[in-house]
Asks: 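This structure is in structure tokens; I'll ask about it shortly.
By convention in this document, chain letters (A, B, ...) are assigned in the order of the sequence lines, proteins followed by strands, and residues within each chain are numbered from 1. No hydrogens, no waters, no symmetry mates; every other heavy atom, side chains included, goes into these values. Keep in mind the model is a prediction, meaning the values are calculated, not measured.
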Amino acid sequence: MVTETHGQEISHLQAERLRKLNDLKAMGINPYPYNFKRSDLCAELQDKYKDLANEERTEDTVIVAGRVHNQRNDWMFIDLHDVSGRIQLFSDAKSRPEYLQNFLPLLDKGDIIGAKGKIRRTPRGELTIDIEEVTLLSKTLQPLPEIIEGKNRRLGITDVETRYRQRYIDLIVNPQSKENLKRRAILVREIRRFLDDQDFVEIETPILNTEAGGAAARPFITHHNALDMGLYLRIATELHLKRLAVGGFERVYEIGRIFRNEGISIKHNPEFTSIEVYWAYTDLYDMMELTENLIKHVCHKVTNGLVINYQGTEIDFSKPFRRVTMQDLVKEVTGKDLTGKALNEAFEQHCEATLIQPTFVYDYPVEISPLAKKHRDKEGFVERFELFIYGRETANAFSELTDPIDQKQRFLDQVQERVGGDDEAHVMDEDFVTALEYGLPPTSGMGLGIDRFAMILTDSASIRDVIAFPTMKKLN
RNA sequence: GCGCCUGUAGCUCAGCGGUAGAGCACUCGGCUUUUAACCGAUUGGUCGAAAGUUCAAAUCUUUCCAGGCGCACCA
């Protein structure tokens, strides 16, 4: 049977749910009520009664609420899931009250319900609530993918397009997807906690800017109507945070969304989240310490350990991270002693992919680092490091360039490159140079890709598995 | 942007010139303290879209749409 709702054809599965919805309404039941008070979460009950023996009953009445994931034997057994976990509900078809006999068959898998009853453990060892009352809290009109769990049964949906476009379905039926986002939330929380505990201050800087600076990347362009003015979405938070350091915020950071108008891949999403940290009166080597400690802290809090498995490869965060200069590394791998852009190219081509374990690569050529301070000893180099994990750049840091005259010249060099056809070269930021003229203390700065770090800590192959709603093409 | 691959029922997939299929889900009946419950019956499709070749197209060709992977770009 195919009928219609708001102009769209619907399947017989949806029609069946609509029929049940109407039957419920005819019974005087509001399928979308306003609130519900529960006494316990499922996981709390599982823990509280973990010592309850098989076949043992209690007189403890509890109230739970959640989504119906499965039912067996004409709603005799119901698997109910809430944010914490699951519990089984029981209602004997032979002895249940008439209203339940009429009401329960009008439910569907996926419906949100509340239930009240006494706790017991079945002969098979399943903690169960004997239903006394059931309340419909939200009727589902869409059929859900398979959500029955079992050893030989595949779970949920595997179609990645559906998973990304309709993440709510993915989250309902695929426990791993929910776990990834939970872990990401812990990761972000622990970064904040680690920095806040050391008196770093989080400050939000503009996303809309008249110029997109602080990185080499193509920006997104938008428009402000009232001002009739073109604006760019930020490609980095760097230049604003350093202005804050000029203003006296000696320890400052921002966790925020960055937008880069570039390709999409397994490790690139057009919008992604970075953290940038600026720490006055310190240099690159202090920042290396801070970064290593931050990563170890977060890894421990998220995974409960320091040795993790990523895509079948063990990654060990427990030992001191390797530290090697770009020149030494390139020489080690290729036997060549290079400088400048050639050094960086050789590094990217031959070395990056080999850096599986956490590795700080430092001392970068000045040509590719227009915001980093010149190396105190080595001509042609800057004080910069990048942290590589699983062959991927995960963090990037400098002894920040604080000399306004040098900074102006570096910007001018970038402008020349832009004129020469490099549309990703940095743009001139006169006000930033002016800020430096007011005095930026010696400062180290570090940026870290939250999404890529989250991939590592959730064992996700794709960046899209740690972004709730990744960028997708419009349909039709 | 380029190359390779994918798109069939709510979900997972088979079919690859000859009437559109399976398992699970849904619905109905049976049975009732299950653990993928079980037994039986039914229902369910513009085979991503359009055009072409053919007596005949899910299947072959072309174009388009969406997605995946790799390369390029990049963090």
Asks: Would you mind telling me which of B/A37, B/U32, B/A75 lies closest to the side-chain atoms of A/Arg260?
Replies: B/A75
Asks: Taking pairing as Watson-Crick or G-U wobble with both contacts under 3.5 Å, can you name the mate of B/U42, or confirm there isn't one?
Replies: none
Asks: Hey, is A/Asp111 close enough to A/Lys20 for a salt bridge, meaning N to O under 4.0 Å?
Replies: no
Asks: Check every strand shown and say whether A/Ala215 touches a base, only sugar-phosphate, or nothing at a heavy-atom separation below 4.0 Å.
Replies: nothing
Asks: When rounded to the nearest Å, what value does the distance between P atoms of B/G70 and B/A36 take?
Replies: 36 Å
Asks: Quick check for you: among B/G67, B/C73, B/A37, whose closest atom lies nearest to any side-chain atom of A/Asn70?
Replies: B/A37
Asks: Does the A/Gln414 side chain pair with the main chain of A/Pro370, one donor and one acceptor, at a distance under 3.5 Å?
Replies: no
Asks: Quick check: on RNA chain B, is the nucleotide nearest A/Glu271 upstream (toward 5') of the one nearest A/Ser462, or the reverse? Name the residue that is more 5'.
Replies: A/Ser462
Asks: In terms of side-chain geometry, is the basic nitrogen of A/Lys373 or A/Asp283 positioned less than 4.0 Å from the acidic oxygen of its partner?
Replies: no
Asks: Can you tell me the distance, in whole Å, between the CG atom of A/Asn54 and the P atom of B/U34?
Replies: 11 Å
Asks: Counting side-chain heavy atoms from CB outward, which of B/C26, B/G67, B/G70 is closest to A/Leu13?
Replies: B/C26
Asks: Verify the contact: side-chain N or O of A/Arg452 to OP1 or OP2 of B/A75, cut-off strictly under 4.0 Å; return yes or no.
Replies: no
Asks: Side chain of A/Lys94 only, heavy atoms from C-beta on: which candidate in B/A66, B/U32, B/G44 is closest?
Replies: B/U32
Asks: Is there a donor and acceptor pair, one atom on the side chain of A/Asp423 and one on the base of B/C73, closer than 3.5 Å?
Replies: no
Asks: If I take atom CD in residue A/Glu161 and atom C1' in nucleotide B/G48, what distance separates them, rounded to the nearest angstrom?
Replies: 10 Å
Asks: Out of B/A75, B/U34, B/G67, which has the shortest distance to the side chain of A/Val160?
Replies: B/G67
Asks: How would you label the contact of A/Asn269 with the nucleic acid (heavy atoms, under 4.0 Å): base, sugar-phosphate, or nothing?
Replies: base
Asks: Mind calculating the distance between CG (A/Asn73) and P (B/C31) to the nearest angstrom?
Replies: 13 Å
Asks: How far does the C1' atom of B/A20 sit from the matching atom of B/A56, given to the nearest Å?
Replies: 15 Å
Asks: Ignoring hydrogens and angles, does a donor from either the side chain of A/Thr128 or the base of B/U33 sit under 3.5 Å from an acceptor on the other?
Replies: no
Asks: Which value, in whole Å, describes the distance between the C1' atoms of nucleotides B/C55 and B/G45?
Replies: 25 Å
Asks: With rounding to the closest Å, how many angstrom separate the P atoms on B/G48 and B/U6?
Replies: 12 Å
Asks: Students often get this wrong, so: under 4.0 angstrom with heavy atoms, is A/Arg120 touching a base, only sugar-phosphate, or nothing?
Replies: base
Asks: My understanding is that only one of A/Glu211, A/Glu271, A/Glu254 makes a salt bridge (charged side-chain N to carboxylate O under 4.0 Å, His left out) with A/Arg234; could you say which?
Replies: A/Glu254
Asks: Below the 4.0 Å mark, does B/U27 have OP1 or OP2 next to a side-chain nitrogen or oxygen of A/Lys20?
Replies: yes
Asks: Sticking with atom C1', work out how far B/A50 lies from B/C13, rounded to a whole angstrom.
Replies: 27 Å
Asks: So which nucleotide does B/U53 pair with, by the Watson-Crick or G-U wobble rule with both distances under 3.5 Å?
Replies: none
Asks: What's A/Asp159 touching, base or sugar-phosphate or nothing? Going by heavy atoms closer than 4.0 Å.
Replies: sugar-phosphate
Asks: Should B/C64 form a Watson-Crick or G-U wobble pair with both distances under 3.5 Å, which nucleotide is its partner?
Replies: B/G48
Asks: Closest nucleotide of RNA chain B for A/Arg124 versus for A/Asp74: which of these residues is on the 5' side?
Replies: A/Asp74
Asks: May I ask you to say what A/Gln142 touches in the nucleic acid, namely base, sugar-phosphate or nothing, with a heavy-atom cut-off under 4.0 Å?
Replies: nothing
Asks: So does A/Asn261 get a side-chain nitrogen or oxygen closer than 4.0 Å to the phosphate oxygens (OP1/OP2) of B/C73?
Replies: no
Asks: Is there a Watson-Crick or G-U wobble partner for B/U33 with both distances under 3.5 Å, and if so, which one is it?
Replies: none
Asks: Are any of A/Thr158's side-chain N or O atoms less than 4.0 Å away from OP1 or OP2 of B/U12?
Replies: yes
Asks: Between A/Glu400 and A/Arg243, does any side-chain N to carboxylate O distance fall below 4.0 Å?
Replies: no
Asks: Pick the C1' atom in B/G7 and in B/C64, then give their distance to the nearest Å.
Replies: 14 Å
Asks: I need the CZ-C1' distance between A/Phe398 and B/A75, as an integer number of Å.
Replies: 12 Å
Asks: May I ask you to verify if any side-chain N or O of A/Arg165 is less than 4.0 angstrom from the OP1 or OP2 atom of B/G67?
Replies: yes
Asks: Test your reading of the model: is there a side-chain donor-acceptor pair from A/Asp47 to the backbone of A/Lys50, 3.5 Å cut-off?
Replies: no
Asks: Looking only at the aromatic ring of each residue, does the gap between the centers of A/Phe347 and A/Phe388 stay below 6.0 angstrom?
Replies: yes
Asks: What is the distance, rounded to the nearest whole Å, between atom CZ of A/Arg218 and atom P of B/G1?
Replies: 12 Å
Asks: Pick one: which of A/Lys118, A/Lys116, A/Arg96 meets salt bridge (charged side-chain N to carboxylate O under 4.0 Å, His left out) with A/Glu132?
Replies: A/Lys118
Asks: May I ask you to verify whether the side chain of A/Glu126 and the base of B/U33 hold a donor-acceptor pair under 3.5 Å?
Replies: no
Asks: From the list B/G10, B/A66, B/U32, which nucleotide is the closest neighbour of the side chain of A/Pro143?
Replies: B/G10
Asks: Could you tell me the separation between the CD1 atom of A/Ile157 and the P atom of B/A25, rounded to a whole number of Å?
Replies: 18 Å
Asks: Which nucleotide in the set B/G67, B/A75, B/G10 lies at the smallest distance from any side-chain heavy atom of A/Ser11?
Replies: B/G10
Asks: Across the strands shown, which category fits A/Ile258 at heavy-atom distances under 4.0 angstrom: base, sugar-phosphate, nothing?
Replies: nothing
Asks: In whole angstrom, what separates A/Asn396's CG from B/A75's P?
Replies: 8 Å
Asks: Please work out if A/Glu393 contacts a base, only the sugar-phosphate, or nothing of the nucleic acid, heavy-atom cut-off 4.0 Å.
Replies: sugar-phosphate
Asks: Do any side-chain nitrogens or oxygens of A/Lys109 fall under 4.0 Å of OP1 or OP2 in B/A25?
Replies: no
Asks: For nucleotides B/U59 and B/G21, find the distance between their C1' atoms and express it as a whole number of Å.
Replies: 14 Å
Asks: Determine the interatomic distance between P on B/C73 and the same-named atom on B/U61; round to the nearest Å.
Replies: 33 Å
Asks: Determine, answering yes or no, if A/Phe77 is stacked on B/U35 under the 5.5 Å centre rule and the 30° plane rule.
Replies: no
Asks: Give one of base, sugar-phosphate or nothing for A/Arg392, where a contact means two heavy atoms less than 4.0 Å apart.
Replies: nothing
Asks: Charged N to carboxylate O below 4.0 Å: is that the case for A/Lys267 and A/Asp451?
Replies: no
Asks: In whole angstrom, what separates A/Phe90's CZ from B/U32's P?
Replies: 13 Å
Asks: Please determine whether a side-chain nitrogen of the Lys or Arg among A/Asp170 and A/Arg167 lies less than 4.0 Å from a carboxylate oxygen of the Asp or Glu.
Replies: yes
Asks: Check this for me: does the side-chain of A/Asp92 come within 3.5 Å of the base of B/U33 through a donor and an acceptor?
Replies: no
Asks: In Watson-Crick or G-U wobble terms, both distances under 3.5 Å, what is the partner of B/C73?
Replies: none
